[in-house]
Q: 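Dumping the structure here so I can ask a few things about it.
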Protein chains: 2
Amino acid sequence: MMKGTEASCDMRLLYSFFNIHKNLVRLAKETAANNGLTMPQFSVLMMIAPHKKMTQKILGERMFMPKSTLSQAVESLVKAGFIRRRPVEGNRRELELILSDEGEAFFNDLLSQEDGVAKCFSRACHALSEQQYRQLLEAHEVLAEVLKKQGEIKSC
Amino acid sequence: MMKGTEASCDMRLLYSFFNIHKNLVRLAKETAANNGLTMPQFSVLMMIAPHKKMTQKILGERMFMPKSTLSQAVESLVKAGFIRRRPVEGNRRELELILSDEGEAFFNDLLSQEDGVAKCFSRACHALSEQQYRQLLEAHEVLAEVLKKQGEIKSC
DNA sequence: TTTAAACTGTTCAAAAATGAACGATTATGA
DNA sequence: TCATAATCGTTCATTTTTGAACAGTTTAAA
């Protein structure tokens, strides 16, 4: 709990997040564009891939992405053959999105590109000590926990 | 320097940044919308305000914002009376952007809104220890330093 | 000097993202 | 049961963002 330091100081951390954010978005946009993807398409793929499959509903909730944007991003990824789509059994309203083999290969390729956001970030991580890395993960988890409760949380 | 842990582990930190990012963008969009601003307008204001003045060129470089987007965001902030605009003396190509008194008041108001991104983030910071806060700042600085050197850095 | 190249910001047509209305399905409860 | 409300995803008109061409200014080199 911050004591002497006040809100004005919190701004410093906020700007520091913004600074990292700027750079990661720039690299992500470059990576996406270099691979013929828009940002929503790229984000959706990055979000689904580690889980192999995910409901479109859950995906939207996790990403805070407007459902019209999400719907179109998914549509194009399906057309590109990176994900398949099938109704959730027991609830025909929802769709389950499944990473295809092509999608998995494409994802792995994205991660391995030297000028991609993943490798660039990985190189940046090398500048951190193991301890710093762990502390960063922990602190982020604490912050994320509180942040996700803030705001209206209106359905996107 | 990470030893045993490998690239796959770096991905965990990358996803952790994405998680914070998502929430901050969501809160920033809400804050912007609640105050009649688009995201570029909001970002530009947040970027100029602490410095009171800045050239449009520097602003673009710092934000990685396409210059057409920047130009329009600035135009609307000028029309709204939050910033003034004058040619840089000694170089009539560049423009200097100066925060007006109205702009400063508006900025301070944005920071003080209970449901605004600043206060929300500030509340989240309270969940961190002072030590965690300092470590976070330090680690971010290290990462930002490396990140900003990565990628094409083509002029936006 | 004069000319060509580089730089800074604006404009505008094209592309991308979004809100609102909608269709289809499921849940609620009278 | 049946009617109403809520949920999930799509469509499409509108808004927002962006790249590319451009105009004005400055720099560099001939």
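The shown structure was predicted, so the numbers you read here are calculated from the model rather than taken from an experiment. So you know, we letter chains A, B, ... as the sequences are listed, proteins then strands, and number each from 1.
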Q: Output the rounded distance in Å from CE (A:Met39) to C1' (D:dT18).
A: 14 Å
Q: Heavy atoms from C-beta onward define the side chain here; which of C:dT10, C:dG9, C:dG19 lies closest to that of B:Lys57?
A: C:dG9
Q: Quick test of your reading of the model: are B:Glu114 and B:Arg123 salt-bridged, counting only N-O distances below 4.0 Å?
A: yes
Q: Just the rounded figure in Å: distance from C1' of C:dT11 to CG of B:Leu70.
A: 15 Å
Q: Looking at the side chain of B:Lys67, which of C:dC12, C:dG9, D:dT25 is the nearest nucleotide?
A: C:dG9
Q: Taking atom C1' of D:dG24 as reference, at what distance in whole Å does atom CG of B:Leu95 sit?
A: 12 Å
Q: Report the distance from atom CD of B:Glu94 to atom P of C:dT10, rounded to the nearest whole Å.
A: 12 Å
Q: Using whole Å, what does the distance between atom P of nucleotide C:dG9 and atom CG of B:Leu59 come to?
A: 9 Å
Q: Would you say B:Arg62's side chain and B:Met47's backbone share a donor-acceptor pair under 3.5 angstrom?
A: no
Q: Mapping A:Asn91 and A:Thr69 onto DNA chain C by nearest heavy atom, which one lands closer to the 5' end?
A: A:Thr69
Q: Is the distance from the ring center of B:Phe17 to that of B:His140 below 6.0 Å?
A: yes
Q: Could you tell me whether the phosphate oxygens of D:dG24, OP1 or OP2, come under 4.0 Å of any side-chain nitrogen or oxygen in B:Arg92?
A: no
Q: With distance as the sole criterion, do the side chain of A:Arg93 and the base of D:dT7 form a donor-acceptor contact below 3.5 Å?
A: yes
Q: Expressed as a whole number of angstroms, how long is the span from B:Glu89:CD to D:dT26:P?
A: 13 Å
Q: Calculate the interatomic distance between A:Gln72 atom CD and D:dC12 atom P; express it in whole Å.
A: 10 Å
Q: Is B:Arg85 salt-bridged to B:Glu75, cutoff N-O under 4.0 Å?
A: yes
Q: Would you state whether a donor and an acceptor, one from the side chain of B:Ser71 and one from the base of C:dG9, lie under 3.5 Å apart?
A: no
Q: Is any side-chain nitrogen or oxygen of B:Gln56 closer than 4.0 Å to OP1 or OP2 of C:dT10?
A: yes
Q: Please report, rounded to the nearest Å, how far the P atom of D:dC8 is from the CE atom of A:Met54.
A: 16 Å
Q: Determine, for A:Glu130 against A:Arg134, whether the closest basic-nitrogen to carboxylate-oxygen distance falls under 4.0 angstrom.
A: no
Q: Closest-nucleotide mapping onto DNA chain C: is A:Gly90 or A:Thr38 further toward the 5' terminus? I mean the 5' end.
A: A:Thr38
Q: Of the candidate nucleotides D:dG19, C:dA20, C:dA17, which contains the atom at the shortest distance from the side chain of B:Pro66?
A: D:dG19
Q: For the side chain of B:Lys29, counting heavy atoms from C-beta on, which of D:dG19, C:dT18, D:dG9 is nearest?
A: C:dT18
